[in-house]
Amino acid sequence: MLNSFPAEEYKLPFFIEEGFSRRRCPSCGEYFWAQGSEQETCGESTSDGCACYSFLNNPPTLKRYSLSEMREAFLSFFEKQNHTRIKPYPVVARWREDIYLTHASIIDFQPYVTDGIVPPPANPLVIAQPCIRLVDISNTGPTFGRHLTIFEMGGHHAFNYPDKEVYWKDNTVRYHHKFMTEILGVKSEEVVYKESVWVGGGNAGPDVECIIRGLEVATLVFMQYKVVNSKFFKLPIRTVDTGYGLDRLAWLSQGVPSCFHAIYGNLLDKIFSMANLDKIDDKLLLSVARHSGLVTIDKNANRLIARKKVAERVGLPLNKLEKILTPIENTFAIADHTKCLSFLLSEGIVPSNIKEGYLARMLFRRTYRLLQSLKMEPEMFYKIISMQVDFWSKDYAHIKKREDEIIEMIKVEEEKFKDTIKRGRGKIERIVDEIKDNKRSFPNNKLSELYDSHGITPEMVKKIANEKGVKVEIPTDFYASIANRHLQTEKLGKEEKILAKEKIKIDELPSTDLLYYDDAYIREFEAKILNVINGNYLVLNRTAFYPEGGGQPADSGFLLVNKKKIDIIDVQKKGNVVLHEIKGSIEVEKGTVVHGVLDWDKRYALMRAHTATHLINGAARRVLGDHVWQHGAQKGVSVTRIDITHYRRLSPDEIHKIETFANQVILAEIEVETASMSRNKAESLYGFRLYQGGAVPGKDIRVVRTGDWDVEACGGTHLKNTREMGFIKIVYTERIQDGVERLGYSTGLQALANIQKNEGLLWKVSEILESPVDKLDKTAVKLVKELKRANSQNRKLIKELATKESATLKQGKLVQLAKKIKGIRIIERDFEKKINLELMVQTANEIIKQNEATVALFFGANKKTANILVMAGKVAVKKGINACFVVNKVSPIIGGGGGGRANFAQGGGTKPEKIREAIQKAKEIIEKQIQE
RNA sequence: GGGCCGGUAGUUCAGCUGGUAUGAACGCCUGACUUGCACUCAGGAGGUCUGGGGUUCAAAUCCCCACCGGUCCA
């Protein structure tokens with residue numbers, strides 16, 4: 001991988017004109033451009049210590065800007081420079097398959113714009129994009145706001161096409177410089193440009209980082225390469241990708257101790273006072289802030305090492321600084337995380353244990369722990385979230401609309417987390433108690449298991465163990481070892497299916513004309529054969545066969561080729577070409593005209609299913625809330641399913657409501673309209689709700705709209721009108737993941753069939769129970785009650801029987817079977833064909849209870865099996881009886897095995913005819929045991 | 001998308017190298033002693049060991065499937 005570009009790449013006319021010169025930082029060794037002769041180092045407050053922040057209490061700007069003022073200054077400046085202002089995109093990147101969250105402004109335009117598939121919404125453009133970067137989560141706080149999990153990136157972007165140049169490196173830097181100096185009023189010689197290389201998201205290019213008074217405030221990236229296997233390939237479109245840290249710029253202009261002070265102002269003060277941190281030594285805070293650039297927590301450097309450096313410079317003992325700073329940093333993090341959560345949840349992320357939902361859960365749990373560490377009550381969480389909602393609604397109105405849902409989801413999360421903690425505590429206590437009893441140390445593998453499988457952090461284990469006086473050592477590489485564990489399992493699980501596909505040069509074939517998009521109701525069509533691949537894949541110039549896609553299975557049917565019927569067994573789309581897989585193989589000339597006929601019953605059922613999916617989705621959103629998104633779907637002829645995000649199990653009421661809503665739409669006879677339109681238009685008309693089925697590729701998007709009920713980007717075939725569906729019935733629901741509910745449903749006659757099936761079942765049960773259907777619930781309750789009573793009575797009876805049985809034995813009716821040797825009674829009893837092990841055991845128990853100097857030798861045999869049971873009282877065991885040994889030795893005679901303990905053992909076998917022989921042998925062994 | 005853990009009394013769990021659920025604690029019921037702090041003591045009730053298959057003489061325990069839940073990572 002390239003780690004530097006030639007110096008030429010950075011030698012811009014602007015630098016030469018303005019008297020900038022290229023220098024090398026003696027501290028970090030990197031090259032930079034600066035104007036004045038005074039600038040010796042790169043001027044950035046790095047972990048190498050090239051500089052510290054000199055803007056604190058001493059901002060270089062003409063005035064102080066709040067974040068929203070800074071945003072406006074940035075946007076309007078670039079508007080004046082002929083950039084079009086674009087509305088921010090969501091923080092959840094639903095239009096992309098490769099990532100969950102928007103972590104830079106350029107994300108909005110990848111991959112379609114940067115790859116040249118779709119034109120940009122404007123060119124050049126300017127945007128202020130809220131971004132989420134959870135990779136920086138451990139730095140959020142300790143770096144005083146240089147890192148944030150949520151921040152706003154100002155970006156002015158230009159997309160340069162081979163035939164249309166907008167602007168490139170030189171102008172980009174000129175714009176930047178103009179903004180910093182003319183608008184913000186920073187002195188020109190205070191702006192330092194550092195050379196660097198930017199690689200990310202499969203793209204790369206040179207970039208310059210802009211440093212002012214120690215703080216990096218912007219990165220200007222010149223994206224011009226695609227990275228494939230560590231090699232760079234020139235892209236046809238060169239993209240100006242700039243990122244201005246609007247939060248950092250606000251910080252710079254205010255000169256306050258931290259970026260959090262700059263962003264949140266009064267809100268931060270309130271959180272501080274909620275955390276009982278009213279008396280903060282501002283002087284100390286500022287002097288720590290000056291050196292906070294030294295701190296960066298990553299895999300190589302931990303919090304303590306960074307803190308040590310700061311402590312040295314501030315001149316305080318490490319532990320004292322640690323004690324003062326930790327609560328402050330935690331409060332910073334709380335301010336940041338609660339904002340991040342508000343944004344995430346407002347866009348319908350449901351906390352769960354998979355995908356983006358997991359990120360929300362992780363963020364929640366981290367914040368919750370931070371609150372605990374500050375001894376803040378959980379109610380504070382809600383208060384702060386509400387404060388955040390109000391604070392940000394001024395600029396992002398949609399957040400306020402979702403406030404109730406946000407609070408509800410946090411409530412559910414809190415309950416879940418409390419449960420986890422409670423369970424965890426119990427688990428730890430049990431382990432610790434056991435360790436204490438055995439005086440062993442806490443095993444490390446237990447620590448990993450607790451964390452990995454039960455979500456219990458080693459810190460929590462340590463705390464609880466310490467309370468109980470057991471020492472726990474957390475290995476320093478604990479989290480690394482967990483990561484390692486996952487790497488290993490990942491390797492094992494990665495058994496990629498290599499589909500040995502024949503090498504078809506699909507790209508060279510003309511794209512298939514898709515008749516089903518012109519009219520979804522075409523059942524028969526004429527087409528020409530363009531190609532036959534491998535003898536069994538037909539390529540036609542046009543087709544009405546729908547290829548598998550968007551959760552809709554492929555059509556089936558047949559083709560008439562030279563009057564011969566050929567069955568279509570699968571249809572797939574590769575690129576723009578539809579492949580028809582046929583049964584068997586065929587030899588046919590190219591250009592032959594064929595007649596295609598669809599299996600219409602199947603297709604029509606799938607159309608109903610597909611439209612039904614949109615209805616259910618719309619209904620679920622109305623019943624459950626706006627956080628509901630489609631998480632996946634599979635259409636079927638008899639049952640179709642949709643997975644939706646929701647934070648709770650669906651109640652029967654909710655299911656019925658969804659069902660009712662969907663049926664009301666059917667009765668309302670709503671037209672289903674499909675339209676193809678440009679991505680930009682579709683997004684601006686309907687918003688990102690479109691992407692229910694995930695990211696959709698391509699320049700143009702097919703939009704399926706069911707009145708006001710539902711709008712989705714969808715490539716499937718749909719009914720013309722909802723009335724054709726007839727009827728819809730939800731037949732099952734299940735929870736496939738925490739936060740994801742699956743709904744299964746059928747339409748039309750199939751729905752009726754499903755109901756009839758269930759009704760049939762009801763009738764059958766009613767017949768069996770001899771109870772009318774409407775009384776079945778009561779009958780069932782009664783029956784279960786009775787069954788329980790019968791069971792317990794049965795147990796009682798067995799006990800009673802056992803008592804009687806033992807009494808009989810004692811009375812001597814069967815005394816001939818009892819034998820006394822050295823004071824030990826051997827009671828032999830044949831239960832014959834009535835082998836009831838429980839009765840045998842209970843009877844033996846009773847006998848032993850009466851006289852511990854007894855050995856019970858019970859047995860029974862029916863046609864199939866034989867059983868032997870030996871039980872010895874305490875006295876008998878002391879005399880040397882070992883029931884287990886006896887049964888073990890004897891059971892093979894009856895063709896089986898057996899075992900147990902010294903006082904009790906049972907065995908059996910499949911040769912009942914040999915039972916007498918076995919018992920004889922058993923007696924011999926027992927007698928021998930007593931003799932010895 | 002991948003991995004790990006679990007489902008046993010009303011509750012939290014033990015038992016799981018197959019062999020009696022004498023299961024434990026808390027809760028519940030009855031009685032005694034007390035009448036104020038998790039009172040104490042004596043006794044008792046309470047289980048189709050999530051469901052369905054399989055292996056076995058024998059399955060809560062081993063194997064497979066389904067359902068329900070927990071958790072870590074991308």
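Atom set for the values below is all heavy atoms of this structure, side chains included, hydrogens, waters and symmetry mates excluded. Chain letters run A, B, ... following the sequence lines, proteins first, then strands; residues in each count from 1. Owing to the predicted nature of the structure, the values given are computational and were not obtained by experimental measurement.
If you take NZ of A:Lys889 and P of B:G19, they are 21 Å apart, rounded to a whole angstrom. Following rounding to the nearest Å, A:Arg361 (CZ) and B:A74 (P) show an atom-to-atom distance of 16 Å. Atoms CD (A:Glu449) and P (B:G6) sit 7 Å apart, rounded to a whole Å. Spacing between atom CG of A:Leu447 and atom C1' of B:U71 amounts to 16 Å, rounded to whole angstrom units. When rounded to the nearest whole Å, the span between CG of A:Leu359 and C1' of B:A74 equals 9 Å. Nucleotide B:G6 holds its P atom 13 Å from the CD1 atom of A:Ile456, rounded to whole Å. The distance from atom CG of A:Leu450 to atom C1' of B:U71 is 11 Å, rounded to the nearest whole Å. One can place CD1 of A:Ile428 at 19 Å from P of B:C5, the figure rounded to the nearest angstrom.
Listed pair A:Lys427 / B:C13 fails the phosphate criterion, with no side-chain N or O lying under 4.0 Å from OP1 or OP2.
Nucleotides B:U30 and B:A60 place their C1' atoms 32 Å apart, quoted to the nearest Å. Rounded to the nearest Å, the gap between the C1' atom of B:C16 and that of B:A59 is 10 Å. Between B:C4 and B:G43, the distance separating the two P atoms is 48 Å to the nearest Å. The same atom, P, is picked in B:A45 and in B:U8; the two are 23 Å apart, to the nearest Å. Of the P atoms belonging to B:A24 and B:G15, the separation is 15 Å, rounded to the nearest Å. Taking atom P in both B:G51 and B:U11, one finds a spacing of 15 Å when rounded to whole Å. The same atom, P, is picked in B:A25 and in B:A66; the two are 39 Å apart, to the nearest Å. Remark: the separation of the C1' atoms in B:U22 and B:G47 is 15 Å, to the nearest Å.
For the atom pair CZ (A:Arg742) and OG1 (A:Thr733), the distance works out to 11.5 Å, reported to the nearest 0.5 Å.
If you check every strand for non-hydrogen atoms under 4.0 Å, A:Arg425 touches nothing. As judged by a 4.0 angstrom heavy-atom cut-off over every strand, A:Ile868 is placed among residues making no nucleic acid contact. At a threshold of 4.0 angstrom between heavy atoms, the contacts of A:Tyr100 include nucleobase atoms, whether or not backbone atoms are also involved. Residue contacts for A:Asp419: at a heavy-atom cut-off of 4.0 Å it reaches no nucleic acid atom on any strand shown.
Between A:Gly860 and A:Ile915, the shortest heavy-atom contact is O-CD1, 4.2 Å. Closest of all the heavy-atom pairs between A:Ala633 and A:Thr613 is CB-CG2, 4.2 Å.
Partners of A:Glu917 according to the side-chain hydrogen bond (donor to acceptor under 3.5 Å, both in side chains) rule, which considers only residues two or more places apart in sequence or in another chain, do not exist here. With sequence neighbours excluded, the residues forming a side-chain hydrogen bond (donor to acceptor under 3.5 Å, both in side chains) with A:Glu429 are A:Arg425, listed by chain and number. With sequence neighbours excluded, the residues that form a side-chain hydrogen bond (donor to acceptor under 3.5 Å, both in side chains) with A:Gln692 are A:Asn617. For the side-chain hydrogen bond (donor to acceptor under 3.5 Å, both in side chains) test, residues two or more places apart in sequence or in another chain that qualify with A:Arg361 are A:Glu413, A:Asp738.
Across all strands shown, B:U30 pairs with B:A42; the Watson-Crick or G-U wobble distances both stay below 3.5 Å. Across all strands shown, B:U55 forms no Watson-Crick or G-U wobble pair with both distances under 3.5 Å. Pair assignment for B:A74 gives none, since no Watson-Crick or G-U wobble pairing has each distance under 3.5 Å. In a base pair of the Watson-Crick type (N1 to N3 plus N6-O4 or O6-N4) or a G-U wobble (N1-O2 and O6-N3), with each distance short of 3.5 Å, B:A25 is matched with B:U11. The partner of B:G6 is B:C68, judged by Watson-Crick or G-U wobble contacts that both fall below 3.5 Å. B:G47: no Watson-Crick or G-U partner with both key distances under 3.5 Å is found in any strand.
Between A:Tyr647 and A:His627, the ring planes lie tilted relative to each other; the angle falls in the 30° to 60° range. Under the 30°/60° scheme for interplanar angles, the aromatic rings of A:Trp95 and A:Phe688 are found to be tilted.
Between A:Tyr732 and A:Tyr745, the distance separating the two ring centers is not shorter than 6.0 angstrom.
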What one-letter contact string describes nucleotides 52-70 of chain B from 5' to 3', where B marks a base within less than 4.0 Å of any protein heavy atom, S marks contact via sugar-phosphate atoms alone, and - marks no contact?
-----B---------SSSB
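The existence of a salt bridge linking A:Arg94 and A:Glu347 is excluded, since no basic side-chain nitrogen approaches an acidic carboxylate oxygen closer than 4.0 Å.
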Interface polar pairs with nucleotides 21-23 of chain B, N/O, under 3.5 angstrom:
none

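A:Thr367 contributes a side-chain N or O that, together with a main-chain N or O of A:Leu363, makes up a donor-acceptor pair within less than 3.5 Å.
Heavy-atom nearest nucleotides on RNA chain B were determined for A:Gly455 and for A:Lys355, and the one closer to the 5' end corresponds to A:Gly455.
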